[in-house]
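Inspection log for the structure reproduced underneath, given as structure tokens.
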Amino acid sequence: MILQPQIYLAPLQGFTDFHFRDAYQKYFGNVDQYFSPWIKLDGEGKLKNSQIRDIRPENNQGVKLIPQVMCNNSVDFLYLANYLFDLGYEEINWNLGCPHPMITKRGLGSALLKNPEKIISTLDKILPKMQNKLSIKMRLGFENEDESVNLLPLLNNYPLTEIIIHARTAAQMYKGKANTDAFENCIGQSKHKLVYNGDLNSLKMFKELSVRFPQINSWMVGRGLIANPFLGSMIKNDSDKLPQNHKKVFLDFHHHLMESYASHLSGEKHLLIKMISFWEYFSNSFKDAHKAHKRIKKAKTLIAYNEAVKMNLNSGFMDSGQKTVDGRQ
Ligand SMILES: Cc1cc2nc3c(=O)[nH]c(=O)nc-3n(C[C@H](O)[C@H](O)[C@H](O)COP(=O)(O)O)c2cc1C
């Protein structure tokens, strides 16, 4: 029996919130698991209201959501895990990948990869007490790939559901190519189910990676799925044919997303800024990505913005085959 590949939408802080996940699931689907952007307790031990809203079950109807936590001590971890369990989340994900200095200088996210003892001692304290299952999302390392090669064997004895590896070091941020050779080394070190993540943005690339890594059946995709929301269906159906009504589907999705934000954001300006931000990725589905993005960024009113969206749709949406997230073919 050939297993269908499992597709996960990667968490992208500022993009894949509940408004986006809901609209995405309604119009495109083909995502087996969604991950929330990380949530974290502040200095007073509280979550931000926006983070609470993002994971409230009533805002996540119809999507399989795994909330992601950013944490480096067992007390906060258990508090968050219990809070999420009480909301109905039977599985949560631990962020060991965030590369941003605001996070890493506090010893969180990818900074923990420099400190495997801390990861292990946290797992020792939390796992016996957690009611939810736990998965990990990590990078290859903070500074270099040896860190994952050293950490993964230490994780083998812990009951994790899976380990998602973004095949870059934190030092790389989001630049350069994902390091598939280093990912291959990780496979040899782990007994856990591994999930590949990094730069997957076309059916062609998926096929290459799935031939190279036959052990991997789950694929986390971020920017590629936002840029080409039909990619999940292309991968699952092994066909890069677009539905005939793809422009309408995209427009309906876009309309739904905009309405959803309109009901939560105050004023035209905020809505405009929010919608324009998505075009950093959407533009890559257009024949001339640079022009499409520029047209959108020029809009100063919602009317002008909607006009720009229509013009983009009429001039080359998904007309030129599959592109990379950088807009290159
Ligand atoms: C703007 C932005 C925000 C991100 N926010 C998160 C986050 O909250 N949690 C996380 O684990 N990864 C986060 N990531 C990393 C992505 O989940 C993913 O690992 C990365 O983009 C590589 O996958 P891709 O090439 O398929 O996009 C973020 C990435 C970007 C570009």
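For ligands, and for the atoms within them, numbers begin at 1 and follow the listed sequence. Values below: every heavy atom of this structure, side chains too, minus hydrogens, waters and symmetry copies.
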| Counting each atom of ligand 1 from 1 as listed, which ones have a heavy atom of G198 under 4.0 Å away? | 25 (O)
| query | Side-chain contact, heavy-atom cut-off 4.5 Å: V63 with D22? | reply | no
| query | Taking the minimum heavy-atom distance to atom 25 (O) of ligand 1, which of I164, I226, D199 ranks first? | reply | D199
| task | Just jot down the ligand 1 atoms closer than 4.0 angstrom to any heavy atom of A10, in number order. | result | 17 (O)
| said: Check the orientation of F253 and Y24. Use parallel for under 30°, tilted for 30 to 60°, and perpendicular for over 60°. | reply: perpendicular
| message | Please classify the Q68 to ligand 1 contact at 4.0 Å (heavy-atom distances, strictly less than): side chain, backbone, both or neither. | response | side chain
| note | If we number the atoms of ligand 1 from 1 as shown, the ones under 4.0 Å from a heavy atom of V221 are 26 (O)
| Contact partition for R223 relative to ligand 1, non-hydrogen atoms under 4.0 Å | both
| query | Got W38 and P11 here, is their nearest side-chain heavy-atom distance under 4.5 Å? | reply | no
| said: Does only the side chain of Q13 get under 4.0 Å from ligand 1, or the backbone, or both, or neither? Count heavy atoms. | reply: both
| note | Restricting to heavy atoms, the pick from N197, I165, N93 nearest atom 18 (C) of ligand 1 would be N197
| query | Has F15 got any heavy atom lying under 4.0 angstrom from an atom of ligand 1? | reply | yes
| query | Looking only at distance, does P37 have an N or O less than 3.5 Å from an N or O of ligand 1? | reply | no
| query | Does ligand 1 have any atom that is closer than 4.0 Å to a heavy atom of G14? | reply | no
| Hey, which atoms in ligand 1 end up nearer than 4.0 Å to a heavy atom of N95? | 9 (N), 10 (C), 11 (O)
| note | ligand 1 atoms nearer than 4.0 angstrom to some heavy atom of Y281 are 31 (C)
| query | Is a side-chain donor or acceptor of E259 paired with a backbone partner of H256 at a separation under 3.5 angstrom? | reply | no
| said: Is the ring pair F28/F250 parallel, tilted or perpendicular, if the boundaries are 30 and 60 degrees? | reply: tilted
| Sub-4.0 Å atoms of ligand 1 with respect to non-hydrogen atoms of K137 | 10 (C), 11 (O), 12 (N), 15 (C), 16 (C), 17 (O), 18 (C), 19 (O)
| Has the side chain of D76 got a donor or acceptor atom that lies under 3.5 Å from a matching backbone atom of C71? | no
| request: Take the angle between the ring planes of F35 and Y8 and call it parallel below 30°, perpendicular above 60°, tilted in between. | output: tilted
| said: Classify the ring geometry of Y305 against W279: parallel below 30°, tilted from 30° to 60°, perpendicular beyond 60°. | reply: perpendicular
| task | Side-chain contact test, heavy atoms from C-beta onward, threshold under 4.5 Å: evaluate it for S148 versus I165 and give yes or no. | result | no
| Quick check: does G222 get an N/O under 3.5 Å from an N/O on ligand 1? | yes
| field | Any W94 heavy atom less than 4.0 Å from ligand 1 | value | no
